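Quick one: structure below, then a few questions.
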Amino acid sequence: MQVTGSMRSTGSESWRSWGWRSHPNLLVTGRLHFPQLALRRRLGQLSCMSRPALKLRSWPLTVLYYLLPFGALRPLSRVGWRPVSRVALYKSVPTRLLSRAWGRLNQVELPHWLRRPVYSLYIWTFGVNMKEAAVEDLHHYRNLSEFFRRKLKPQARPVCGLHSVISPSDGKILNFGQVKNCEVEQVKGVTYSLESFLGPRTSTDDLPFPPATPCGSFRNQLVTREGNELYHCVIYLAPGDYHCFHSPTDWTVSHRRHFPGSLMSVNPGMARWIKELFCHNERVVLTGDWKHGFFSLTAVGATNVGSIRIYFDRDLHTNSPRYSKGSYNDFSFVTHANKEGIPMRKGEHLGEFNLGSTIVLIFEAPKDFNFKLKAGQKIRFGEALGSL
């Protein structure tokens, strides 16, 4: 207390009452007093803990470090304490558990009298256009899940027939263009590895491409025809968007790969913040071929979007309680009875999310393929992405 008194005794040092000042056995910051020797002993005890226990004990201080004004806890760095990074702190949030809880809540049937106020609040918050819905009566939707997965009127989304690739969903264009150096941009300036995203090639006869390991050969195995390039397009679905996705072109799906993983938010701000976000999150990769070669569509999960459904794949189960980090599950649609796979027509229903997420297209096309897009633009299912 004498240290605080001496700080207040002179006007020239009154500013120090909001800073910090060293003392043989005391750190002062604002009105908080930190016993330095005791802190060092306590940090020494923390360093002997197991990693999970240490992470649990570090959380309260880390949260306070980022929330308190004027850097109130910064003097703790003098005694060897370092806060967990914001990214690491966010990754520690049990988003899979929260998403499963949200999924259970979505299945709860709402009383008839409560449906209109609940859905009206959601419509107002996210700007949902119910005039496009096949059923406009809000009382028709028994729970939030049915409301999220509402169907549209047939004339609400006409499918463009002039262009070879259309948007598979409503959403916002985050990025598009050629894949260069086996890196794909999730947003401008932030990339992820193509091989990490799609996973290693499997040497099975039913895949439309052979295995590869080096970056150059990995890309070359995807590009099956001379003179072609590899292209990508990232579409973000906001909570207010139409949640179903469709086939973006005429193609054949031969293989599905499911990556269990995190369920972090995939909004554009988070995509700028976390490198390789799409490689961390749970995702379902559909691969096959179209008239110009390799074609893939990946549905990326997000917070509260643990449920990814593919209509023709009854064996797919997402957001399971237990999974091995870095693991994936393969399934082939090519069988002895079906030598080609699952044929999909442009605009045909393919699958759905709950709440919103991201679709990533990676495909092979001739060098004169041109996107009809601008980064950041809003797009609706059925509108043109690009053509030759």
Side-chain angles (χ1 to χ4, degrees), residues 63 67 89-90 93-157 167-174 187 234-246 262-274 277 281-282 299-309 311 318-319 349-359 376-383:
V63 172
L67 292 182
L89 187 65
Y90 178 67
V93 176
T95 52
R96 292 180 65 86
L97 178 62
L98 294 174
S99 297
R100 284 196 298 274
W102 176 254
R104 295 287 181 88
L105 180 63
N106 283 351
Q107 298 295 332
V108 175
E109 184 169 343
L110 296 177
H112 194 271
W113 61 270
L114 190 59
R115 295 175 188 177
R116 178 173 289 277
V118 169
Y119 299 147
S120 296
L121 177 62
Y122 186 91
I123 291 168
W124 176 80
T125 302
F126 297 108
V128 178
N129 184 4
M130 285 302 294
K131 292 182 179 180
E132 297 178 336
V135 180
E136 297 184 38
D137 182 12
L138 297 181
H139 293 107
H140 170 79
Y141 304 100
R142 294 173 298 176
N143 52 47
L144 287 167
S145 180
E146 287 188 2
F147 179 72
F148 295 148
R149 295 180 287 106
R150 64 193 177 276
K151 304 300 181 182
L152 299 181
K153 295 173 182 175
Q155 66 274 19
R157 296 290 186 276
S167 175
S169 65
D170 289 9
K172 179 181 180 181
I173 301 296
L174 295 189
V187 292
V234 183
I235 305 171
Y236 167 68
L237 287 74
D241 288 328
Y242 170 55
H243 291 80
C244 297
F245 51 93
H246 301 246
S262 302
L263 287 172
M264 295 180 282
S265 171
V266 293
N267 69 62
M270 197 64 67
R272 294 186 187 94
W273 192 31
I274 301 179
L277 171 63
N281 271 16
E282 182 163 20
V300 183
T303 307
N304 298 333
V305 196
S307 175
I308 303 173
R309 182 183 174 193
Y311 293 139
T318 57
N319 197 11
H349 280 83
L350 184 55
E352 62 187 34
F353 292 113
N354 277 327
L355 195 61
S357 194
T358 297
I359 294 287
Q377 79 170 70
K378 292 287 290 182
I379 197 167
R380 304 202 302 177
F381 155 62
E383 294 179 349

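All values below come from the heavy atoms of this structure, side chains included, with hydrogens, waters and symmetry mates left out. Just so we're clear, the structure is a prediction, and the values are computed from it rather than from any experiment.
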Between E383 and I379, what is the shortest heavy-atom contact and its length? OE1-CG1, 3.3 Å
Step-by-step side chain to side chain contact (heavy atoms under 4.5 Å, CB included) determination, L350 to Y311: CA-CA 6 Å; L350 184 55; Y311 293 139; 5.5 Å; no
Might you point out which heavy atoms bring M130 and I123 nearest each other, and give the distance in Å? CG-CD1, 3.4 Å
Residues forming a side-chain contact (heavy atoms from CB on, under 4.5 Å) with Q155, sequence neighbours excluded: K153
So, using ring-ring contact (aromatic ring centres under 6.0 Å, His included) as the criterion, who are the partners of F381 when residues are at least two apart? H246
Please tell me if the side chains of L138 and F147 come closer than 4.5 Å, counting only heavy atoms from C-beta onward. yes
Quick one: list whatever passes salt bridge (Lys or Arg N to Asp or Glu O under 4.0 Å) with R150, sequence neighbours left out. none
Check side-chain contact (heavy atoms from CB on, under 4.5 Å) between L114 and all other residues, then give those that pass, not counting sequence neighbours. L110, P111, P117, V118
With sequence neighbours excluded, residues passing side-chain hydrogen bond (donor to acceptor under 3.5 Å, both in side chains) with E132: R157, R380
Are E146 and Q107 close enough, and set up right, to give a side chain to side chain contact (heavy atoms under 4.5 Å, CB included), and what steps lead you there? CA-CA 8 Å; E146 287 188 2; Q107 298 295 332; over 6 Å; no
Out of curiosity, D241 CG to F353 CZ, how far, rounded to the nearest 0.5 Å? 11.5 Å
Side-chain contact, heavy-atom cut-off 4.5 Å: V128 with Y119? no
Considering residues at least two apart in sequence or located in another chain, which fulfil the side-chain contact (heavy atoms from CB on, under 4.5 Å) criterion with S169? I235, L237, F245, I359
Whether S167 side chain and G382 backbone form a donor-acceptor pair below 3.5 Å: no
Working note: I308 + T318, criterion side chain to side chain contact (heavy atoms under 4.5 Å, CB included); need CA distance, chi angles, decisive distance, verdict. CA-CA 6 Å; I308 303 173; T318 57; 4.1 Å; yes
Given the side-chain rings of Y122 and F148, with only the six-membered ring counted for Trp, is the space between their centroids under 6.0 Å? yes
Residue pairs passing the salt bridge (Lys or Arg N to Asp or Glu O under 4.0 Å) test with at least one member in residues 113-126, sequence neighbours excluded, are E109-R115
CZ of R149 to SG of C244, rounded to nearest 0.5 Å, is 8.0 Å
